[in-house]
Amino acid sequence: MNDSGIIVDIQRFSIHDGPGIRTTVFLKGCPLNCKWCHNPEAIAYKPQLSFNQEKCLNCFACVSVCPTGAHFIKDNKHEIDFTLCQLSGDCVPACPNEALSITGKVNSVEQVIELILKDKDYYINSGGGVTISGGEPMTQFQFTKQILKACKDNSIHTILDTCGHAPSEKYLEILPLVDLFLYDYKESDYDKHKEYTGVYNDLIQKNFNMLYGAGAKIILRCPIVPGINDTDKHFEAICNLYKDYPKLLGIEIMPYHNIGLDKARKIGAEGQFISIDTTDKEKSREWISALNELGCTNIRLG
Amino acid sequence: MTYNINEIKQISIETKMKDYSKELKITEVYKAYKDAHPAIKEAMCLKAEYPAYFTPIQDGDLFAGRLKQGRVGFTIDEWGPTAFAYYCQFEEIENDLKTYDYPAEEKAKIEEMLKFWETEDTSNKIRKEYPPLMAQYLFSDDWMNTSGIAFPLYRLTGSTPNFKKLLDLGIPGIYKEIEELKATAEFDGRDVQFYEGMKIAIDVLADVCLYYEKEIRLLAEISTIDEKKEELNKIADTLHIITISKPRTFREAIQLFWIYTYVADIRNYGRMDIYMGDFLVNDLNAGIIDEDEALKYLQSLWQLMADRNTVVHNRVIIGGKSRPNEANADRFALLAMEATRTVKEIEPQLSLRFYEGMNPALFEKALDVIGGGATYPILYNDDININSINNAFGFSIKEAERYFTPYGCGEFILEGRSFGTPSGVINLLKALEVTLRNGVDPVTGKVIGLQLGNFEDFHSFDDLMNAYKKQVEFFVSLLAEQEVLEYKICGEEAPFLYNSLLYDDCMAKGKGMFAGGIKYLGGTLETYGNTNTADSLTAIKELIYERKLISKKELLDALDNNFAGYENIQLKLANAPKYGNDNEIADSMLERVHNHVCNFVKNQADRVGLHSYLVVIINNSANTLMGRSTHASADGRKAFEHMNNGNAPSGGNDKEGVTAMLNSIAKPSTSIHAGSVQNMKFSPELFFERRDIIKSLLKTYFDKGGSQAMITVLNRGDLENALVEPEKYRNLFVRVGGFSARFVELSTEVQKDILSRTLY
Ligand code: SF4
Ligand code: SF4
């Protein structure tokens, strides 16, 4: 039993991750490495140092406290080498302008539940609840399971936002605790899936079939990234799913947003991600009508 | 409670040489009746003022009644910071004399008039009576521009009399009532002058109607457009009828009501759906008017209210428990909201009382109107407020239910039965900063507070807390005594005839409101800086006393230097727990500060002999104005920046989202004060696209004990753009605390304050 886990953030009054007013818990750690990731700070399993360049005053307070030399001065400017950081945390309080922080902190199940319960009345009145997201919550399986269990004990509606890439038996184990799955469907082509996310999609498809077959309530979430998966072939595949899986509760299109880049920069990981413009409204609408034309009607922007 | 939300503009400036003949006339009349019975003196002054101060109707008005108040006169409310009761606007007049070249003879007369009022102006009379301690510590009347802990306010504001009685009886009925009561008094050998004064006042009211009738008939005569002629004659006919009959139609009712609000200087209108609902529905049923016509009436009335431009008043209440004619009242309420939606003005401040089980169409309509950008109606939760009033004021539930009506800034009163003018302000944050420095004001360097020791001497947090409390208590006591003094002198000065006429027990007793006539005479005290004070105390407790991360000296040095060179300390202070995040430590400190001041104030009532004396936590530009004379504070706020609004989290500090914010603001007890204001802002996206979410959010907040909500729908982008292109955003209204204002007309400082508060 793990009584604690690592979270990136807990967002209250979350209204875009399922029905009603929700609290969304973002867990750290993900087995995938999507090129377009919106939450790059949630990929690594461990906490990370985060540095906000805009706030840096070049005062070098961090340089003098860091035991490992992660902060250093170059051309009279503050520089940082993330690979050297040992997470001592010394530099964070030393910085006078909050340019430094640690992303990811250990929380106990009780802490999380305590926070969740504060908004219980809002969930009840709005038909909302709790969404566990990430990262990939299945990577902190025991932690996720315990939070979900505690939610169910308190009669709170639960959602698991998952990429589908986790051992099948774990999904079966957690199924009774999940009222609704937000299940990612990223790319239909086997090789492209590997290219863009770092894993093949066979396990994901298998788990999807299994959950669907077991009667799970599922909303499919499809991130669409211009120039990557906004292809006819992928759209057709989405429509086929729509036809073949009539009990899906809906399909949501998640247009690419480059907000992830800025976050990646802060943890020194921007090189791993694509850099393109945020999708404009026009484009998203085009996608929706393209999908509509292919016969996929119960579809909306997520 | 401020006079001008845009800027601190304390005096109104004339654009051309002002004619002083009316003011001189009133002064003469006052002199002549100076020693007469107060009722006669007041009646004669009213006669000199009205209709003289009334101004012609304007194009499109369906009702008569516009007014330009003079520089000398009589009012139950106020015409400037110290201009109330018998008032003289000294500063303005002196300014006129300086600006314009008055003929020597006229100038001499005006100067003599000024000199005369020096001792007769009611505020001056009150200040003269201050006992030494009061005079020493309440040393200034200019709270907007002076650094200080507490200030008196000279005003008798928020009167909300029984309009139903006015409309039920009409002028003839009231006249008859006065005659009868006078006869009884005569028989009992009691004072009859009170009733004599009343009779004169009613004559003045009728005179105003007849004056307008005559003027309007003339306008009708010269008008060349038939429709206009006809409309004007209708207005004139209405004016005529109400002088000889009680109002029979919706139109007559509105006309009589409106003129009355001016002669009586009543700026808040109580539960209008009760006293207007039957008139409306009777007319509709009888086919006298249709809904369209009825809406036109209200639109015209709304426009007249807007043009009255009171900034803080013009309250109209609709909805709520115990309306005897609920179905008719609901119909009026819906029409009133439609008028607000279509007239699109800052006033009236339409307010909807609601409760579990009320016709849901009203709440639904309210959200539509708010969504249209109106910021109205303001929502009042009966299910919480009635019990709160019962506890805070000691009114029975039945009374609280029937009469409660928030006015002006949001203080609860009972229509036609209770009164509780805010007559003092206290800056809690200033009290704290003075306490940290042994009585010395860091802004002026003068000793202005009790000297209870230096910060270093407060060895535990409780030592500090106790000193702060003592400081606050000392000033609250003075303000409570000042309020009683103010009532006493006002009671001696005048019976406030038009108001007493419609306030319970005054007529039967033959006594003015403040001379023992009114049933429940209470008072209120406005507190400011509540959240900054609590957050400062939290930071001090956490960082200095408990975690010892900052020393006392370091804190004082940082504050004295406005954090220059102490950015690290400011950051630590700013990162201490803050109210508004559903954080137990911060929220409980707010409750501690709140409970202390509310309970201490409440307990003053018995000591000083008021029916109630309660805190009111409003939010208006006073937070900004008083912030300007308050130094850097331990919550990380820089010197002279605005303080928080009312009970709201201080700007930008509610970081945990709207549910956390609502949970926090629902925590402080609502049953120990006279009212508080809660602002909320939502983005249009949320408000329109997720109406379900908004509804459940509000429902939960109200279920949790939320008493009130003022909702603005806008987004940050709106405001930022409005700063850049003001001309495109003239329609953008925001709530500055308790009041609505055109965003583009606000000072940059206030605009920034609004921007700094979080939008969801
Ligand atoms: S967290 Fe510690 S090791 Fe990492 S950069 Fe900061 S001081 Fe250096
Ligand atoms: S301490 Fe903060 S502000 Fe100073 S150099 Fe380091 S990151 Fe920049």
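Naming: A, B, ... by sequence-line order, numbering from 1 per chain.
More than 12 heavy-atom neighbours from other residues, nucleotides or ligands sit within 6.0 angstrom of CG on A:D153. Summarising the local packing, NZ of A:K105 is surrounded by 12 or fewer heavy atoms from other residues, nucleotides or ligands at distances under 6.0 Å. Within a 6.0 Å sphere centred on NZ of A:K217, other residues, nucleotides and ligands contribute 12 heavy atoms or fewer. Within a 6.0 Å radius of CD in A:E79, more than 12 heavy atoms belonging to other residues, nucleotides or ligands are found. When the shell of 6.0 Å around NZ of A:K152 is examined, it contains more than 12 heavy atoms from other residues, nucleotides or ligands. The local environment of CD in A:E54 is sparse, with at most 12 non-hydrogen atoms from other residues, nucleotides or ligands closer than 6.0 Å. When the shell of 6.0 Å around CZ of B:R547 is examined, it contains 12 or fewer heavy atoms from other residues, nucleotides or ligands.
Distance OG/A:S126 to CD1/B:I693: 5.5 Å, rounded to 0.5 Å. We find the CD-CZ distance between B:E656 and A:F13 to be 14.0 Å, quoted to the nearest 0.5 Å.
For B:D582, the parts lying under 4.5 angstrom from a heavy atom of chain A are both the backbone and the side chain. With a threshold of 4.5 angstrom between heavy atoms, B:K695 does not approach chain A through any atom at all.
Neither side chain, A:D121 nor B:T700, offers a donor N or O lying under 3.5 Å from an acceptor on the other.
Between B:L571 and A:E98, the closest side-chain pair of non-hydrogen atoms falls below 4.5 Å. When side chains are defined from C-beta on, A:H16 counts as touching B:R690, because their heavy atoms get closer than 4.5 Å.
Residue with the most contacts toward chain A among B:N568, B:N575, B:L697: B:L697 (heavy-atom pairs, distance under 4.5 Å).
A donor-acceptor pair is defined here as one N or O able to donate and one able to accept, closer than 3.5 Å; no such pair exists between the side chain of A:N125 and the backbone of B:K699.
Among B:D703, B:T659, B:N663, the one residue that satisfies the side chain to side chain donor-acceptor pair (under 3.5 Å) test with A:Y122 is B:N663.
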